[in-house]
2 protein chains.
Amino acid sequence: MSDQSKIPQATAKRLPLYYRFINNLHIQGKLRVSSKELSDAVKVDSATIRRDFSYFGALGKKGYGYNVEYLLEFFRKTLDQDESTPVALIGVGNLGTAFLNYNFMKNNNTKIEMAFDADAGKVGTEVGGVPIYHIDQLEDKLHDVGAAILTVPLSEAQTITERLIDSGVTGILNFTPARITVPEGVRVHHIDLAVELQSLIYFMKHYPLDNEDDAEEE
Amino acid sequence: MSDQSKIPQATAKRLPLYYRFINNLHIQGKLRVSSKELSDAVKVDSATIRRDFSYFGALGKKGYGYNVEYLLEFFRKTLDQDESTPVALIGVGNLGTAFLNYNFMKNNNTKIEMAFDADAGKVGTEVGGVPIYHIDQLEDKLHDVGAAILTVPLSEAQTITERLIDSGVTGILNFTPARITVPEGVRVHHIDLAVELQSLIYFMKHYPLDNEDDAEEE
DNA sequence: TAATGTTTGTTAAACAATTCACGACATTAA
DNA sequence: TTAATGTCGTGAATTGTTTAACAAACATTA
Ligand SMILES: NC(=O)c1ccc[n+]([C@@H]2O[C@H](COP(=O)([O-])OP(=O)(O)OC[C@H]3O[C@@H](n4cnc5c(N)ncnc54)[C@H](O)[C@@H]3O)[C@@H](O)[C@H]2O)c1
Ligand SMILES: NC(=O)c1ccc[n+]([C@@H]2O[C@H](COP(=O)([O-])OP(=O)(O)OC[C@H]3O[C@@H](n4cnc5c(N)ncnc54)[C@H](O)[C@@H]3O)[C@@H](O)[C@H]2O)c1
């Protein structure tokens with residue numbers, strides 16, 4: 001745990017978002033940006049942005065704003081972008097295939113290195129340049145993979161989770177509706193798409209005037 | 001806005017999750033459940049569950065727990081109105097196709113009624129039983145559709161958003177990395193998968209001992 | 001150089017959500 | 001009936017997050 005451990009979780013969740021937009025500004029050739037401009041772009045209150053940035057010290061200059069280049073460099077270092085973390089995907093079905101085809105590298109450095117499935121027809125092929133191995137080979141192939149994306153059927157979720165953890169995985173992005181059980185020290189983020197849709201509709205009906213956003217919700 | 005408008009947003013986001021698990025218990029034939037049991041299943045603190053339920057009055061019985069049948073009936077009524085909300089999906093690509101193939105009806109009630117794409121090759125076909133229309137027909141076909149799932153390329157996101165809103169859509173589940181701009185009264189939930197992955201990795205590196213979950217979050 | 005405008009970093013207050021802890025009551029077993 | 005146990009609902013305490021407001025710092029202009 002580093003010196004950044006006192007940073008609020010709400011702030012930590014926004015960091016990748018900031019990073020991407022600052023990167024966009026850099027590509028567009030912008031040299032400076034104010035918290036107000038950034039606020040319009042990412043839809044986060046400007047005071048919240050200043051507060052978030054201030055946890056890392058004084059990144060900006062009063063009366064000027066933030067230097068895009070400097071900010072970008074800072075975020076790159078902070079988010080450990082230089083060292084890309086290998087990720088595995090389990091379950092190359094509808095959702096898994098979509099993720100493999102999508103190039104997560106485009107705007108950031110995380111990349112799916114390998115995928116696993118139980119379907120012999122899929123094993124040995126590649127999807128989006130990622131090799132697909134048989135799930136039986138999980139323990140053999142998973143080296144230095146710290147994070148996994150879980151897109152298997154609900155019924156397999158807990159079993160696969162345990163095998164992943166035994167193989168050294170400490171972070172799981174879980175797209176199954178199962179609320180999986182993991183030991184201390186393993187981080188799980190649930191993205192439950194059915195819940196997201198229902199929750200959106202609930203908010204539409206019951207909080208019609210507000211205008212909050214979310215998900216990664218979470 | 002109903003009498004439920006004072007319910008905390010954090011609570012509202014958990015309702016569909018509770019609903020699904022209570023439904024599972026009912027199917028399993030369980031007659032009663034305690035906040036503790038439910039807590040183990042959904043990974044939400046039992047005090048939080050009791051507090052959440054208590055916003056709706058006294059649903060349980062002291063010394064006994066909650067009656068599964070009663071709870072289920074209650075949640076169905078509370079979330080029932082949502083069943084009737086038709087949803088449209090825009091952009092039948094990798095992600096859009098996965099969503100259409102997935103039967104959102106399985107464990108819940110919301111359903112995608114129609115889809116739109118700009119690709120003439122896709123128009124006229126069906127995916128997962130959902131008809132695909134050309135995006136030019138958006139204004140013609142979108143009747144009584146209140147919510148939309150947005151899975152178009154980044155560059156199209158804002159334009160399509162404006163057309164959706166002009167056609168009466170008041171809720172958008174946005175999977176593009178664009179932070180779209182909408183007028184007051186329109187609800188947007190962003191699910192930014194690249195951010196979710198980066199954020200998971202950030203938490204793994206910087207908060208290695210905790211065990212919080214998320215996404216949707218809201 | 002002085003005057004003016006801009007924007008940060010931070011304080012304090014407001015707001016929101018979670019968790020503790022306990023009284024009240026239900027159930028069960030003896 | 002009584003005692004032991006289990007469980008809810010909730011006030012109070014705690015923890016976490018957002019926002020408003022503003023002095024100080026700097027930029028810009030004349
Ligand atoms: N597709 C969606 O839009 C969507 C939406 C919400 C939730 N989900 C959830 O995401 C998960 C995946 O959904 P999907 O639509 O891609 O399902 P899918 O059936 O298309 O894909 C599941 C894949 O997992 C593979 N698999 C099965 N058992 C396995 C095992 N033991 N080890 C490794 N691989 C195994 C299957 O061969 C298949 O390729 C499910 O849990 C589903 O509930 C999907
Ligand atoms: N696939 C993923 O895993 C993933 C992950 C993160 C984010 N996303 C985001 O989700 C969105 C969709 O991703 P994808 O991988 O499905 O992309 P995709 O290119 O496979 O699909 C986009 C679809 O939108 C259609 N389209 C293009 N212009 C349109 C218009 N004006 N009106 C209607 N339809 C139009 C295209 O014909 C295509 O079918 C993108 O914004 C992407 O950044 C995808």
Side-chain angles (χ1 to χ4, degrees), chain A residues 4-15 17-18 22 25 30-68 70-71 74 199 203 206-207 210-214 216-218, chain B residues 4-15 17-18 22 25 30-68 70-71 74 199 203 206-207 210-214 216-218:
Chain A
Q4 285 161 18
S5 37
K6 59 277 282 294
I7 287 167
Q9 304 217 354
T11 296
K13 287 220 200 102
R14 288 188 288 262
L15 298 182
L17 185 65
Y18 295 147
I22 292 159
L25 292 174
K30 278 211 97 187
L31 298 179
R32 62 146 129 167
V33 65
S34 68
S35 58
K36 184 63 180 54
E37 280 177 280
L38 211 44
S39 169
D40 291 341
V42 301
K43 315 288 181 206
V44 171
D45 188 273
S46 66
T48 302
I49 292 177
R50 291 200 299 281
R51 159 65 104 228
D52 283 347
F53 286 7
S54 78
Y55 288 114
F56 298 96
L59 300 180
K61 274 165 84 173
K62 297 181 181 185
Y64 175 91
Y66 300 89
N67 179 292
V68 171
Y70 179 81
L71 214 50
F74 174 80
S199 144
F203 276 97
H206 298 275
Y207 303 73
D210 299 9
N211 200 344
E212 270 336 280
D213 20 273
D214 255 83
E216 61 267 20
E217 128 299 25
E218 216 65 29
Chain B
Q4 282 160 21
S5 37
K6 57 278 279 299
I7 287 166
Q9 305 216 354
T11 296
K13 286 218 200 108
R14 286 187 290 262
L15 297 182
L17 186 64
Y18 295 147
I22 292 160
L25 292 174
K30 280 211 95 188
L31 297 179
R32 62 149 129 168
V33 65
S34 70
S35 58
K36 183 65 179 53
E37 279 177 282
L38 212 42
S39 169
D40 291 342
V42 301
K43 316 290 182 205
V44 171
D45 188 273
S46 65
T48 301
I49 292 177
R50 291 200 300 282
R51 166 76 77 222
D52 283 348
F53 286 7
S54 79
Y55 289 115
F56 299 96
L59 300 180
K61 274 165 84 174
K62 295 177 181 183
Y64 175 90
Y66 300 90
N67 178 292
V68 170
Y70 179 80
L71 215 49
F74 174 80
S199 146
F203 276 97
H206 297 276
Y207 302 73
D210 298 9
N211 201 342
E212 266 343 276
D213 22 273
D214 255 271
E216 75 258 18
E217 117 200 255
E218 109 219 27

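First the proteins, then the strands, lettered A, B, ... as listed; each starts at 1. These numbers come from the heavy atoms of this one structure, side chains and all, not from hydrogens, waters or symmetry mates.
Looking at residues two or more places apart in sequence or on another chain, you find a side chain to side chain contact (heavy atoms under 4.5 Å, CB included) between A47(A) and D45(A), R50(A). Remark: F53(B) pairs with Y18(B), Y66(B), F75(B) by the ring-ring contact (aromatic ring centres under 6.0 Å, His included) rule, at least two apart or across chains. Legend: residues meeting side chain to side chain contact (heavy atoms under 4.5 Å, CB included) with K36(A), ordered by chain and number and at least two apart, are S34(A), D40(A). Annotation: side chain to side chain contact (heavy atoms under 4.5 Å, CB included) contacts of S39(A) (sequence neighbours excluded): S46(A), I49(A).
Close to dT19(C), at under 4.0 Å from its OP1 or OP2, lies a side-chain N or O of T48(B). Checking the phosphate oxygens (OP1, OP2) of dT18(D), a side-chain nitrogen or oxygen of R14(A) falls inside 4.0 Å. For dC8(D), one of the phosphate oxygens OP1 or OP2 lies less than 4.0 angstrom from a side-chain nitrogen or oxygen of S35(B).
Remark: P of dT5(D) and NZ of K36(B) are 18 Å apart, rounded to the nearest angstrom. Atoms CG (N67(A)) and P (dT6(C)) sit 21 Å apart, rounded to a whole Å. Nucleotide dT18(C) holds its C1' atom 15 Å from the NZ atom of K13(B), rounded to whole Å. Atom pair Q9(B):CD and dT17(D):C1' shows a separation of 13 Å (rounding to whole Å applied). The CG atom of L38(A) sits 10 Å away from the P atom of dT8(C) (whole-angstrom rounding). When rounded to the nearest whole Å, the span between CG of L71(A) and P of dT8(C) equals 11 Å.
Both Y64(B) and A10(B) lie near DNA chain C, and the one whose nearest nucleotide falls closer to the 5' end is A10(B). Residue E37(B) is the one, among E37(B) and R32(A), whose nearest nucleotide of DNA chain D lies closer to the 5' end (criterion: closest heavy atom).
The list of salt bridge (Lys or Arg N to Asp or Glu O under 4.0 Å) pairs with a residue in residues 52-61 of chain B, not counting sequence neighbours, reads R14(B)-D52(B).
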**Request:** Could you check L59(B) against L71(B) for side chain to side chain contact (heavy atoms under 4.5 Å, CB included), going step by step and ending with a plain yes or no?
**Result:** CA-CA 7 Å; L59(B) 300 180; L71(B) 215 49; 3.9 Å; yes

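At a threshold of 4.0 angstrom between heavy atoms, the contacts of T11(A) with the nucleic acid are absent.
Pairing each heavy atom of R32(B) with each of E37(B), the nearest pair is O-OE1, 4.2 Å.
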Tabulate protein N/O versus nucleotide N/O from nucleotides 9-11 of chain D, keeping only pairs under 3.5 Å, one per line.
residue, atom, partner, partner atom, Å
dG9(D), OP1, L59(B), N, 3.1
dG9(D), OP1, G60(B), N, 2.8
dG9(D), OP1, G60(B), O, 3.3
dG9(D), OP2, Y66(B), OH, 2.8
dG9(D), N7, R50(B), NE, 3.0
dG9(D), O6, R50(B), NH2, 3.2
dG11(D), N7, R51(B), NH2, 3.3
dG11(D), O6, R51(B), NH2, 2.7

